[in-house]
Amino acid sequence: MDNAQRLQLETYGVNWEDAMERFGGNTAFYFKLLARYTEKAYLEQMKQSLEAGDENAAYEACHTLKGVAGNLSLTPLFEVASAACVAFREGNPEAARNMIPQLETHHALAREAASLAKQLQ
C-alpha cells in the first residue's frame, strides 16, 4: 500500500495509526476485515427497527455498528454511533433518529474504505 492509498483510507474515516496498532501492523488481516464491512447492514437494521417502533432492536443494531466501527478504526462512524447509543440508553430514540443522516454519511465513507480494502487485498 502506498501513501496515496493510506491518505484515501483516512479520507474515508479510517484512523490508520489506530488500526495498525489495533491489528499489530497486520495490514492483510485489517484489509480482510475492512473489506467485509459491507456484508452486514447494521445501520439499515437500526433504521428499520426505529420505523417499527422497536427501540431495543434499534439500540442493539446501533451498538453493534458502534463496535464494528471501533474495531475497524472507523473513528467518525464510531463517534456518531456512540452518541446514538447514548441517546438510546437515555431513553431518547428521537435524538438517535436525528443522527441517522450523519451515520449514513460516515457509513457511505466506510463502504468506500471497504471497497478500497478489497482492491488492496
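These values consider heavy atoms only, across backbone and side chains, with no hydrogens, waters or symmetry-generated copies.
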Leu65 side, atom CG; His107 side, atom NE2 - distance, nearest 0.5 Å: 8.0 Å
Side-chain contact, heavy-atom cut-off 4.5 Å: Leu120 with Gln5? yes
Identify whether Phe31 and Leu109 are in the same connected component of the hydrophobic contact network (ILVMFWY, side-chain heavy atoms under 4.5 Å). yes
Does the side chain of Leu72 come within less than 4.5 Å of Tyr30's, by heavy atoms? yes
State, yes or no, whether a side-chain contact exists between Tyr37 and Leu74 at a heavy-atom distance under 4.5 Å. yes
Closest heavy-atom pair and its distance - Ala96, Ala84: CB-O, 3.8 Å
Indicate, with yes or no, if Met46 and Val86 share a hydrophobic cluster defined by side-chain heavy-atom contacts under 4.5 Å among Ile, Leu, Val, Met, Phe, Trp and Tyr. no
Crowding at CZ, Arg89 (>12 non-hydrogen neighbours, <6.0 Å): yes
Between Ala35 and Ala117, what is the shortest heavy-atom contact and its length? N-CB, 3.9 Å
For Leu34 and Phe23, run side-chain contact (heavy atoms from CB on, under 4.5 Å): C-alpha distance rounded to whole Å, both residues' side-chain angles, the deciding distance at 0.1 Å, then the answer. CA-CA 12 Å; Leu34 179 58; Phe23 284 81; over 6 Å; no
Taking the side chain as everything from C-beta on, heavy atoms only, tell me whether Leu50 gets closer than 4.5 Å to Lys47. no
For the side chain of Ser49 and the backbone of Gln45, is there at least one donor-acceptor N/O pair under 3.5 Å apart? yes
Closer than 4.0 angstrom, basic N to acidic O: yes or no for Arg97 and Glu51? yes
Going by heavy atoms in the side chains, are Thr64 and Lys40 under 4.5 Å from each other? no
Separation between CG of Leu77 and CD of Gln102, rounded to the nearest 0.5 Å: 11.0 Å
Between Tyr59 and Cys85, does the side-chain contact (heavy atoms from CB on, under 4.5 Å) criterion hold? Intermediate values first, please. CA-CA 6 Å; Tyr59 168 76; Cys85 282; 4.0 Å; yes
For Glu17, give me all partners under salt bridge (Lys or Arg N to Asp or Glu O under 4.0 Å), at least two apart in sequence or on another chain. Arg6
If you take all heavy atoms of Asn98 and Pro101, which pair is closest and at what distance? O-CD, 3.4 Å
Does the side-chain contact (heavy atoms from CB on, under 4.5 Å) test come out yes or no for Thr105 and Val80, once each step is laid out? CA-CA 10 Å; Thr105 296; Val80 178; over 6 Å; no
Listed by chain and number, what are the salt bridge (Lys or Arg N to Asp or Glu O under 4.0 Å) partners of Asp18, not counting sequence neighbours? Arg22
Would you say Tyr12 and Gln8 are linked by a side-chain donor-acceptor pair, where the criterion is simply a distance under 3.5 Å? yes
What are the two closest heavy atoms between Leu9 and Ala113, and how far apart are they? CD2-O, 3.9 Å
Going by the rule salt bridge (Lys or Arg N to Asp or Glu O under 4.0 Å), which residues pair with Lys66 if we only count those two or more places apart in sequence or in a different chain? none
Assess whether atom CD of Glu104 is packed by more than 12 heavy atoms of other residues, nucleotides or ligands within 6.0 Å. yes
Ala95 and Ala87 have their tightest heavy-atom pair at CB-CB, 3.9 Å
Are the side chains of Asn71 and Leu33 in touch, meaning some heavy atoms are under 4.5 Å apart? no
Apply the test side-chain contact (heavy atoms from CB on, under 4.5 Å) to residues Leu103 and Tyr42: give CA-CA distance (whole Å), side-chain angles for both, the deciding distance (0.1 Å), then the verdict. CA-CA 11 Å; Leu103 288 167; Tyr42 301 116; over 6 Å; no
Any chain of hydrophobic side-chain contacts (each under 4.5 Å) joining Phe78 to Ile100? no
